[in-house]
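Proteins come first, then strands; the chains are lettered A, B, ... in the order of their sequence lines, and each starts at number 1.
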Amino acid sequence: MPPVRWSQTLIPTLKESPEGAEIPSHVLMLRAGLIGQVMAGAYTYLPLGLRALKKAERIVREEMDRAGAVELLMSALTPIQLWERTGRVAAFGNVLINFKLNRAGRQVHVALGPTHEEIVTDLVAKHVSSYRQLPLTLYQIQTKFRNEERPRFGILRTSEFLMKDAYSFDTSVEGLNASYDKMYAAYCRIFERCGLQYLPVEAESGPIGGDASHEFMVVADNGEDRVVHCASCGYAANLERADTGDRTVKAEPGDLKPLTKLDTPGTTSIEQVSKLLKCKPRQMIKTMIYEADGQPIAVLLRGDHEANEGKIRRALGAKSVELASPEVIERVTKAPVGFAGPVGLEIPRWADHDVAALRNAVVGGNEQDKHYVGANLTRDYTVDHFADLRNADADDPCPKCAGKLALRHAIEVGHVFKLGTKYSEALEARFSDEKEQLRTIIMGCYGIGVNRIIAALIETQHDADGIIWPMALAPYEVLICPIKASDPEVMKVADQLHDELLAQGVDVLLDDRDQRPGVKFKDGDLVGIPLRVVIGDRGLKDGQLELKWRTKKEAGMLPLAGAVEKIAELVSQAKRLNSN
RNA sequence: CGGGGCGUAGCGCAGUCUGGCUAGCGCACCUGCUUUGGGAGCAGGGGGUCGGAGGUUCGAAUCCUCUCGCCCCGACCA
């Protein structure tokens, strides 16, 4: 066992919040002495932080094993050729950390693995050739490298992080679905056991479509992702993915006003125009020019809505959709960027459903420094197709029930994804079936950010005094806090209690520092160890110890006789609460 | 890569605008004494290339130029 006395380990707690840390998980991980920053996007795990990380890792490993996945460890160093074969050198771009190694008389171009589809698929291609060897799910827990151009939020977005990545290999889509479901269930157990309040959400699924991808989210104000959630039926989806419910809209009441062109010098954004003309963004139409497979089209949205390129691409049935270049915009609108509008526009016009309800709208004038007011559908402009083309928003109708959607920030802690044959095709991972036919292996991939489990937990479970660990992830389960470390009688009891708890398999830390009680209590609360045992000369006279849970305000007394068994029992009870 | 902020003792900060005695404060640290149930008191002490380089000046933490690093917002994110 490693040192389990405070004075023998390294727990550099900080009284004040370090400059540069802003969100709770970052501040508390630094203050509690869990991590130390090495550079932007890279941290050292100090003894306490490492213990928590190892516990999360262990839960992940246990549940992967239970689900039938097999652990291996792939190299972090990978040959660039493998990434070229799948086209991901370009796809990753600057994110892929790669460099050349000098070796006797030649150079070897390598990349540090940001994920391992290529490596694992190549491995399986080499060693699997028959349907008899499948299905197979392989996983590893390993440090991944991605050059984040802007690392941020402490441990939440770093260039080096610990990831569990699993890959399933099946002979059929049914097999893939079964493998996927097993991983999905394992993920639920993992996050449950970690004491996280998580939410599986439908995510952008790429080429396969359908329910081919889910993200596991922890709702937190500082999360970088946004999800919509319906409180009444439980529907949850990534913002990019989320459908919006029934939007059959009826036109707003009121008389049609005449179409009038106004001078709006220099106002090229919705915000500027609304300010100048004293109208609300929701009374405006945002006209965006896209190129769909090279053909310019116009997308009309209500001014306060955000375009969703994935939805636009699917609605058009196009392979690629991107915002048009300024040259194309000027050619089709005959105006500089910022003044596009539907009136007189001659390219195909697609509109989001909500545009149909707008009456007397403010739109671009297709002329420099001009906007129209009083624009109305049919009379002043027409739309070729209506569709769902925008991101969902708070208070949109739920697509699954009569409820309304709520918009939340969230931290992505896991992602499960049905890959299909993208990598097995490119890397020729094939198998012979019963009829000796050569077929391509069907894959799934499944990731968990192990560091993010810790960060998300702290982000959502802390108070003004510090971290509040669940028993399952706490670096130590029990803190023994002798009040007078200088008193040999007190320390004798503390040492004995420590040794006996350790023998019972309890993770116990003895704060043997000769500090005033206040200092020890504050540090204990900051570090967040779930159960605190205080040994003072006062209680000791009556053969009593004091027992306090991190989550409770009041402490209770416990007779010294039989204390070890009682404490061990309390700890295992608390662990069990989260283990099923 | 665009916008903003910061860099002074281990940590948190003041001083910079308006250049001027020996660069300051709190915490932490060391020594001694007194204390001991929610970040103790007194006394004494150590610790600084003021991020770095160049320049202006009689004189630079302070003004100018360049540069490095960190943080935040945006863009980007299999």
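- Across all strands shown, A:P114 has no heavy atoms under 4.0 Å from either base or sugar-phosphate atoms.
- Annotation: cation-pi pair A:R513/A:W6 present, NZ/CZ under 6.0 Å from the ring centroid and within 45° of its normal.
- The side chain of A:R532 lies closest to B:G38 when the candidates are B:U36, B:C72, B:G38.
- For A:K126 and A:D122, the salt-bridge test passes: some basic side-chain N is under 4.0 Å from an acidic carboxylate O.
- Counting distance only, with no hydrogens placed and no angle test, the side-chain atoms of A:R513 and the base atoms of B:G39 include no donor-acceptor pair under 3.5 Å.
- Among the heavy atoms of the strands lying under 4.0 Å from A:K484 are primed sugar atoms or P, OP1, OP2 only; no base atom is included.
- Closest approach to the A:V519 side chain among B:U36, B:A40, B:G38 is made by B:A40 (side chain taken as heavy atoms from C-beta onward).
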All N/O pairs under 3.5 Å across the protein-nucleotides 28-35 of chain B interface:
| unit_1 | atom_1 | unit_2 | atom_2 | d |
| --- | --- | --- | --- | --- |
| B:U35 | O2 | A:R516 | NH1 | 2.9 |

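- If you check every strand for non-hydrogen atoms under 4.0 Å, A:Q37 touches sugar and phosphate atoms only.
- Among the atoms of the strands shown, only primed sugar atoms or phosphate atoms (P, OP1, OP2) are found under 4.0 Å from some heavy atom of A:E22.
- A:R152 contributes no side-chain N or O that forms a donor-acceptor pair with the base of B:C71 under 3.5 Å.
- Look at A:R31 and you won't find any side-chain N or O under 4.0 angstrom from OP1 or OP2 of B:C11.
- Residue-level contact check: A:E19 touches the backbone only, with heavy atoms under 4.0 Å from sugar-phosphate atoms and none from bases.
- Of the candidate nucleotides B:C73, B:G26, B:G37, B:G37 has the atom lying nearest to any side-chain atom of A:I483.
- Relative to the side chain of A:D523, the nucleotides B:G39, B:G37, B:C71 differ in distance, and B:G39 lies closest.
- When heavy atoms are screened at a 4.0 angstrom cut-off, A:A40 is found touching the sugar-phosphate backbone but no base atom.
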